[in-house]
Amino acid sequence: GSVYVWVSRSQRGCSSISHISNGDTEREFCIVHNHSWTPLAQSLNSAMEYQLVNMTSSLLCDSSGINASSVMGKALVVMRGNCDFSQKALIAQGLGAMALLIASNKTLTIPSANESEYAKVNISLALMRYKDFLEAWQVFGNEMQVKLYAPPSTKIDPSIAVILLISIGTVVLGGYWSGAFKISLTVKADSGELSLYSPLKVVIFVALMCGMLVLMYFFYKVLVYVIIVIFCLASASALYSCFDAVMDKIGCGTLRFSVRNWNFSVRSLLLAAVCISISVVWGVYRNEDRWIWILQDLLGIAFCLNFMKTISLSNFKICVILLSLLLVYDVFFVFITPFFTKNGVSIMVQVALGPDASGEKVSFLICNASFSQLPVVMRVPRLLAWAQNLCMMQFSILGYGDIIVPGLLVAYCSRFDVWIKSKRKVYFVSCCIAYFLGMILTFIVMLLSGMGQPALLYLVPFTVITSAVVAGCRGEMKQFWAGTTYQVRGGEGELYWCFSIIPKNVIPLVAVIFDCQYRFIKEKNLSTVCSF
């Protein structure tokens, strides 16, 4: 399914910075600040500098044993626990302190209090990780000077352009690969009718997707690991398929050897080792946000490309039904489900980002991810969110579904161009341009509204309507809508094209996917009839 095109992992809680220095050395650390308390300066130059006093031996739930003159006009660091944030802040304020940092061994959350308490506190208050304070203490000792500031985040970020490039490139390459995939069908099986892409079965398929999404919402902690294992296997296989196709394209030869009547290809073994290694590394380090997103995007691109090449929709009618149902699915689980969830976060976003996901309606924000996330999105770090990235990497994201679902229509258009022998690839090029314009509109709406958007809401109308208009203008709508029976004959030296592409080694696996009828006639009299 499709998820928000862009979601900042934290809306406002992980956007503040503590700048600690001693005149010669300086470090910056993440702090969590609630804007309901005294606002922080928006830049380092405008922030007030205070001497930082280490009081982590105290919880500051009362003022006993504290000399007011030693903290007057300074910033304090105390430990979290035993009493409310507001109580600690009022005591620090009463002692004459100008700022209060609360060191926490727990997950950082926005420091909150009753509405009536906010107005009573006139000093800056924020949470920081205890391990960060220990690091600062080891570097600076007692000579710590601190500035607290909260730089504003920007809506426009270069990562959006990277996401756009990834999506467009994957759709174009996947569609082209699907159309250019030449295959000779040698079916050694009994005749039979293989079908899924009838309207009824498409409806059943989408209903199963809905059920799976709901199950993931309620049983996330268990099912997430099942999905991760499946993704590792599927993405490794897809990456191998992509690399192998590249090797074939550049004419890389294969060196073969035999062991006990088993034939092996050196190229295949090396490619398999590389692909499996990449998948395993991702699986082990998947929660390391700083760099693992590169491997996730690589595996995701390969997964989408292989899906678009292998799975083909039989005609435009099926494309319209499938994309329309998935559009409704996308909009419902993004826009409607927040009215039924406890925390006001849509089921789609909650499943995509994990139980730690939060939205603008949620006042309790977690800034440390404690759950594994589903590998269902392309992720690119927000390049201008350097301050927010100190707390947790901020990402622009795009769901695999926003690439695969329109990509299936793009692939259909590419194969249709091959079928009608269109040298200019009219359908393929038009659908790719429509996808690009749909993505641009999605980003524009996202930036204007300040909210993540379900991309299929814009991509499906753009691609479907454009394809229909092109077919209508060319007078090929009937053929484009219903498809045709395409005859593939066997013969020496011939290349066989089939509108639905089925590698012979996976025919049993995809028997329920393709709407094809196969007739097996021995040896060279093989004939395959595919109904589209």
Side-chain angles (χ1 to χ4, degrees), residues 1-9 11 163 167 171 196-220 223-224 227 304 307 311 313 317-362 373-378 396-409 434-435 438-439 441-465:
S2 169
V3 300
Y4 281 112
V5 166
W6 173 83
V7 174
S8 174
R9 288 283 298 274
Q11 300 293 331
I163 283 287
S167 61
V171 165
L196 169 64
Y197 283 165
S198 64
L200 175 60
K201 292 183 179 180
V202 169
V203 172
I204 295 175
F205 171 72
V206 175
L208 291 175
M209 288 182 59
C210 296
M212 185 61 188
L213 188 64
V214 173
L215 286 176
M216 285 298 307
Y217 179 76
F218 288 106
F219 304 102
Y220 186 93
L223 293 179
V224 64
I227 300 299
C304 293
F307 194 98
I311 305 300
L313 302 183
K317 178 179 72 173
I318 295 301
C319 292
V320 171
I321 294 173
L322 179 62
L323 268 65
S324 299
L325 288 177
L326 289 177
L327 170 60
V328 174
Y329 159 89
D330 204 32
V331 171
F332 175 79
F333 282 104
V334 170
F335 286 141
I336 307 301
T337 56
F339 294 103
F340 306 106
T341 57
K342 294 181 180 179
N343 58 0
V345 180
S346 73
I347 289 179
M348 185 75 75
V349 173
Q350 192 85 55
V351 169
L353 298 183
D356 287 337
S358 59
E360 293 181 353
K361 295 181 180 180
V362 185
Q373 294 179 10
L374 285 177
V376 294
V377 295
M378 302 291 184
S396 295
I397 67 174
L398 181 71
Y400 292 165
D402 298 323
I403 296 175
I404 290 175
V405 174
L408 291 174
L409 176 56
Y435 180 84
M439 287 296 297
L441 179 60
T442 305
F443 286 127
I444 292 174
V445 175
M446 177 196 74
L447 294 174
L448 292 177
S449 66
M451 297 174 58
Q453 298 295 314
L456 291 186
L457 180 62
Y458 311 96
L459 296 176
V460 169
F462 264 81
T463 54
V464 170
I465 293 174

Rounded to the nearest 0.5 Å, how far apart are CE of M348 and CG of L213? 5.5 Å
For F333 and V351: C-alpha separation, side-chain torsions, deciding distance, then whether side-chain contact (heavy atoms from CB on, under 4.5 Å) applies. CA-CA 10 Å; F333 282 104; V351 169; over 6 Å; no
Looking at CG of L215 and SG of C210, how far apart are the two atoms once the value is rounded to the nearest 0.5 Å? 11.5 Å
Least distance between heavy atoms, L398 atom then S167 atom: CD2-CB, 3.4 Å
Going from OG1 on T341 to OH on Y217, what distance comes out if it is rounded to the nearest 0.5 angstrom? 5.0 Å
For L456 and D330, which heavy atoms make the closest approach, and how far apart are they? CB-OD2, 3.5 Å
CG (L313) and CG (L408) are apart, to the nearest 0.5 Å, by 5.0 Å
Validation row: Q350, T337 side chains within 4.5 angstrom (heavy atoms): no
CZ-CD1 distance between F307 and I311, expressed to the nearest 0.5 angstrom: 5.0 Å
Sequence neighbours excluded - side chain to side chain donor-acceptor pair (under 3.5 Å) pairs with any residue from residues 454-465: Q453-Y458
What verdict does the side-chain contact (heavy atoms from CB on, under 4.5 Å) test give for Y435 and L409, after you've listed the backbone C-alpha separation in whole Å, the side-chain angles of each residue and the deciding distance to 0.1 Å? CA-CA 10 Å; Y435 180 84; L409 176 56; over 6 Å; no
Can you tell me how far CD1 of I403 sits from CD1 of I163, rounded to the nearest 0.5 angstrom? 8.0 Å
Can you see which heavy atom on G438 is nearest to which on L459, and at what distance? C-CD2, 3.6 Å
Could you walk me through whether M212 and L208 pass side-chain contact (heavy atoms from CB on, under 4.5 Å), step by step? CA-CA 6 Å; M212 185 61 188; L208 291 175; over 6 Å; no
Kindly give the heavy-atom pair with the smallest separation between C304 and I404, and that separation in Å. SG-CG1, 3.7 Å
Should F462 and P406 count as side-chain neighbours, where that means a heavy-atom distance under 4.5 Å? no
Side-chain contact, heavy-atom cut-off 4.5 Å: F205 with L322? yes
Could you tell me whether the side chain of P199 reaches within less than 4.5 Å of the side chain of I318, counting heavy atoms only? yes
Within the structure provided, determine whether L323 and L327 are in side-chain contact (heavy-atom separation under 4.5 Å). no
